[in-house]
Number of protein chains: 2
Amino acid sequence: MKPGPKRSLSEEAIVGAALKLLGERGGDAVSMRSIAGEVGVAPNAIYTYFPDKAAVLRAVVDRLIGEQSLDVFSDRTMPWRHRIREVALGLRARLLDHPGATRLLLGAPMDGPRALAYGEKLLDLLAEAGLSEEDAARASYTLIVYLLGSIALEAAELDPAAPTPPEDDRIAQRRKGFEAIPAESFPRTAASVDVMAAYISTDQFLWGLERVLDGLVRD
Amino acid sequence: MKPGPKRSLSEEAIVGAALKLLGERGGDAVSMRSIAGEVGVAPNAIYTYFPDKAAVLRAVVDRLIGEQSLDVFSDRTMPWRHRIREVALGLRARLLDHPGATRLLLGAPMDGPRALAYGEKLLDLLAEAGLSEEDAARASYTLIVYLLGSIALEAAELDPAAPTPPEDDRIAQRRKGFEAIPAESFPRTAASVDVMAAYISTDQFLWGLERVLDGLVRD
DNA sequence: GCTGAGTCTGTACGCTGTACAGAGATCGAG
DNA sequence: CTCGATCTCTGTACAGCGTACAGACTCAGC
């Protein structure tokens, strides 16, 4: 057995506290100090469990991913497309539940054990769908790109990073920094704006997923 | 004319300085203070031009996007698929040139004027490819998801956010925080790892793009 | 019982974004 | 030409951040 006093915390507890803060008070509220406060230790005690903050955040993301059961992947009573849909929706729901978490996803990509298991299963599933080993690998990556990209863009839209200033000078604030650009090149009510705004929904998510899958395993 | 002294800077200059820092010293080096130092003013002088740091970063991203000429979009001597490839590669190249910039992309999505113009053109192009108005909109969004997702994941991989610690205890450091998880669930040499590592390339980017396009405009 | 490793606390450093007050420059109006 | 309004920029300051360092305490094994 190791010497020294018993640990008063666990990685689990720390990640849990971070997750709680993330959900309750947004991504900016997740600091070493607030996490430590949440579990009742001095801020630097966390460095006993994780090498730095980035590691904590990676563990948070991994836990979020790991909350999804992997059983669906191999449930052969469903057609594989159905299973992929299911898994994709699950991942999306879990991550969008904590909008602040998502911006972490892409800064430190999925290299936690649970994320790896996830990727592994996805690979198997695509092989089962009839793809060659190489195609399955490429398709798996493409799919992950679509999933994470979608989720990230959606999360960015609904993140509480927009504390809604007094609306009076919101447009002015928004234009600040683009003053050198003629006003007419601001397509304020243009179609592209509507696209971004209106199609952010489960509906659009599934529509895109379906098309991507069509492209990946067609013929 | 407005009263007050002449401005000694411009939004352009500030964004330029930020971009320079981004390229030369990485994303973490872009602070209000360093930008101000670069252009030779006090840190808070920047607040005359931008409401806050996020606005500066949004302008940076918009500038990066805007560096791409929009002419390719409407050059009807090329087939539309070729044009999309061209434009996608251009965007990717421009953003990966400044790896630090990419993590900003998803935190504050593209709402700058140049980004909007970009989206607008993409929409037209897809309509030209024969899609209905609604399908073009959805496809446009899906395509943007793929582009930004790809680029973000690639940038995360090659970002200088990995200062490479002394390699002796790199694995130990890496495992820290996952100690509760049995070692055998660490698929260290698993296929999914290779997927993530090996297929990050222009090749994979184009492969995926082609499949996504196949899915979007098949029939 | 001693040794030495391991866990936690207190303190401190250098950095961040940005709010606030005021100095100086420049304009339009009288 | 003067005056007051208005704008830009500086100095200073604050609260918060991640984390390095030194030391107090607790325990397993000799």
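Chain identifiers are assigned alphabetically (A, B, ...) following the order of the sequence lines, protein sequences preceding nucleic acid strands; residue numbering begins at 1 within each chain. Note that the coordinates shown come from a computational prediction; the quantities given were computed from them, not determined experimentally.
- On a pure distance criterion of 3.5 Å, no polar donor-acceptor pair joins the side chain of A:Arg33 and the base of D:dG16.
- Atom C1' of nucleotide D:dT12 and atom OH of B:Tyr47 are separated by 15 Å, given to the nearest angstrom.
- Atom OH in B:Tyr49 sits roughly 18 Å away from atom P in C:dT18 (whole-Å rounding).
- For the pair A:Met32 CE and C:dT9 C1', the interatomic distance rounds to 17 Å; values are reported in whole Å.
- At the phosphate of C:dT7, neither OP1 nor OP2 sits under 4.0 Å from any side-chain N or O atom of A:Thr48.
- Using a 3.5 Å distance cut-off with no hydrogens or angles, the side chains of B:Thr202 and B:Arg92 do pair a donor with an acceptor.
- With no hydrogens or angles considered, no side-chain donor-acceptor pair links A:Gln204 and A:Ser150 at under 3.5 Å.
- The nearest heavy atom of DNA chain C to B:Pro43 and to B:Pro3 marks one nucleotide each, and the one closer to the 5' end goes with B:Pro43.
- Note: CG (A:Asp52) to P (D:dC17) measures 17 Å, nearest angstrom.
- Protein atom CD1 of A:Ile46 is 12 Å distant from nucleotide atom C1' of C:dC8, rounded to whole Å.
- A salt bridge links A:Glu210 to A:Arg85: one of the charged nitrogens lies within less than 4.0 Å of a carboxylate oxygen.
- What separates CG of A:Asp28 from P of C:dT16 is a distance of 17 Å, to the nearest Å.
- Taking every side-chain heavy atom of A:Ala45 into account, C:dT9 is the closest of C:dT18, D:dT10, C:dT9.
- Put simply, CZ on B:Arg7 is 14 Å from P on C:dC27, counting in whole angstrom units.
- A salt bridge does not link A:Arg83 with A:Asp71: none of the charged nitrogens is closer than 4.0 Å to a carboxylate oxygen.
- Rounded to whole Å, the distance from CZ on A:Phe50 to P on D:dG18 is 14 Å.
- Judged by distance alone, the side chain of A:Lys121 and the main-chain N or O of A:Val72 form no donor-acceptor pair under 3.5 Å.
- Under 4.0 angstrom from either OP1 or OP2 of D:dT8 there lies no side-chain N or O belonging to B:Ser8.
- With the nearest nucleotide of DNA chain D identified for both A:Lys53 and A:Lys6, A:Lys53 has the one nearer the 5' end.
- When each of B:Pro5 and B:Asn44 is assigned the nucleotide of DNA chain C with its nearest heavy atom, B:Asn44 is the one assigned upstream, toward the 5' end.
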